[in-house]
Amino acid sequence: VLVNPGGTHVAVPVPTAFQSVVIDLETETSTALAGRVIALDDARVVTEQPAGGESELEFYDVTGDRLGSVDVPSPQATLLRSDGSMLVVSTDGTIITADADGSVDDVGTLTDPDGVPIEITDGLTVADGQRLIAVGGRRVFILDPNGRQLGVAEGSVSTVARSGAQCVIVGGTGSNAGALVVAVHTGA
């Protein structure tokens with residue numbers, strides 16, 4: 001379940017129906033949208049419809065009016081940027097931006113300090129939507145809204161990180177390994 005920063009709308013995926021429902025809390029009305037909701041802010045909703053190794057991202061305003069769509073490599077980590085475009089990290093660590101007008105721009109690729117191949121499996125937004133955490137195997141990558149890699153930590157996110165989190169705890173990869181507190185604004 002996603003709640004927009006203004007607290008006026010809630011978006012809920014309905015996996016059995018391959019759609020999502022956006023609820024306007026002020027008018028107590030709802031709108032069904034195609035795809036699984038992956039992002040919501042005060043103006044926009046973005047849904048994903050997977051198709052093999054790619055996905056179609058559908059952009060809507062919060063009232064349900066369609067703004068456009070774009071095809072991207074299957075996103076594993078996403079962040080809705082303040083300009084309405086999406087920052088997307090694919091399974092292989094490729095970083096792109098995608099917009100409702102169908103444009104896709106290559107930003108770069110995540111870099112593992114040990115040169116290990118990257119396989120991103122999950123992601124979350126923190127710092128009130130200003131940072132993206134991409135999680136892959138034994139690494140956690142911190143990115144800013146422009147797709148710049150701010151930091152990388154070995155391990156996995158070991159606590160539930162809320163959208164307003166300013167730090168995340170990353171657990172070590174071994175039974176005797178310690179944990180790190182990572183500041184998401186700097187990646188340190």
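By convention here, the first residue in the shown sequence is residue 1. Only a predicted model underlies this, so the values are computations on that prediction, with no experimental measurement involved.
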- Message: Do Leu40 and Leu80 make a side-chain contact, defined as non-hydrogen atoms from C-beta onward lying under 4.5 Å apart?
- Response: no
- Query: How far does OG of Ser69 sit from CG of Asp99, to the nearest 0.5 angstrom?
  - Reply: 11.0 Å
- Point-to-point distance, once rounded to the nearest 0.5 Å, from OG1 of Thr47 to CD of Glu56: 8.0 Å
- Message: Tell me whether Val170 shares a hydrophobic cluster with Ile142, the cluster being built from Ile, Leu, Val, Met, Phe, Trp, Tyr side chains joined at under 4.5 Å.
- Response: yes
- State whether the number of non-hydrogen atoms from other residues, nucleotides or ligands found under 6.0 Å of Glu119 atom CD is greater than 12. no
- Task: Can you see which heavy atom on Leu180 is nearest to which on Ala153, and at what distance?
- Result: CD1-CB, 4.1 Å
- Query: What about Val72 and Met86, same hydrophobic cluster or not, with Ile/Leu/Val/Met/Phe/Trp/Tyr joined at side-chain heavy-atom distances under 4.5 Å?
  - Reply: yes
- Message: According to a hydrophobic-cluster definition based on side-chain heavy atoms being under 4.5 Å apart (Ile, Leu, Val, Met, Phe, Trp, Tyr only), do Val10 and Val22 belong together?
- Response: no
- Message: To the nearest 0.5 Å, what is the distance between CZ on Arg44 and CG on Leu67?
- Response: 8.5 Å
- Looking at Cys167 and Ala183, what are the two nearest heavy atoms and their distance? SG-CA, 4.3 Å
- May I ask you to test the Leu57-Val88 pair for a side-chain heavy-atom distance under 4.5 Å? yes
- Take Val45 and Leu2 through the side chain to side chain contact (heavy atoms under 4.5 Å, CB included) test and state the conclusion after the steps. CA-CA 10 Å; Val45 180; Leu2 299 177; over 6 Å; no
- Note on the structure: Shortest non-hydrogen pair, Ala77 vs Leu132, comes out as CB-CD1, 4.0 Å
- Note on the structure: Here the gap from Asp61 atom CG to Asp41 atom CG, rounded to the nearest 0.5 Å, amounts to 10.5 Å
- Query: Passes side chain to side chain contact (heavy atoms under 4.5 Å, CB included), Thr97 versus Val107? Steps please.
  - Reply: CA-CA 7 Å; Thr97 58; Val107 174; 3.8 Å; yes
- Could you tell me whether the side chain of Ile118 reaches within less than 4.5 Å of the side chain of Phe141, counting heavy atoms only? yes
- Report the C-alpha separation of Val140 and Val182 in whole Å, then their side-chain angles, then the decisive distance to 0.1 Å, and conclude whether the side chain to side chain contact (heavy atoms under 4.5 Å, CB included) test is met. CA-CA 10 Å; Val140 173; Val182 179; over 6 Å; no
- Message: Could you report the tightest heavy-atom contact between Ser103 and Val70, atom names first, then the distance?
- Response: O-CG2, 3.9 Å
- Are Leu87 and Val126 co-members of a hydrophobic cluster defined by side-chain heavy atoms under 4.5 Å apart? no
- Item | Interatomic spacing from CD in Glu54 to OG in Ser74 - rounded to 0.5 Å | 7.5 Å
- Item | Separation of Leu79 CG from Asn146 CG (nearest 0.5 Å) | 10.0 Å
- Using side-chain contact (heavy atoms from CB on, under 4.5 Å) as the criterion, list what pairs up with Glu28, not counting sequence neighbours. none
Could you tabulate the donor-acceptor pairs under 3.5 Å formed by side-chain atoms of residues 29-39, not counting sequence neighbours?
unit_1 : atom_1 : unit_2 : atom_2 : d
Thr29  : OG1    : Thr27  : OG1    : 2.7
Arg36  : NH2    : Glu48  : OE1    : 2.4

- Is Ile169 close to Val181 at the side-chain level, that is, under 4.5 Å between some pair of heavy atoms? yes
- Nearest non-hydrogen partners of Val3 and Gly7, listed with the distance: CG1-CA, 4.1 Å
- Give the cluster check for Val14 versus Ile23: same hydrophobic cluster or not, with ILVMFWY residues linked at side-chain heavy-atom distances below 4.5 Å. yes
- side-chain contact (heavy atoms from CB on, under 4.5 Å) partners for Gln130, two or more places apart: Ala127, Pro145
- Task: Show your reasoning for whether side chain to side chain contact (heavy atoms under 4.5 Å, CB included) applies to Val116 and Arg138.
- Result: CA-CA 10 Å; Val116 175; Arg138 58 181 194 78; 2.8 Å; yes
- Under 3.5 Å donor-acceptor, Asp122 side chain and Val135 backbone: no
- Query: side chain to side chain contact (heavy atoms under 4.5 Å, CB included) with Leu110: which of Asp92, Val152, Ile95, Thr94?
  - Reply: Ile95
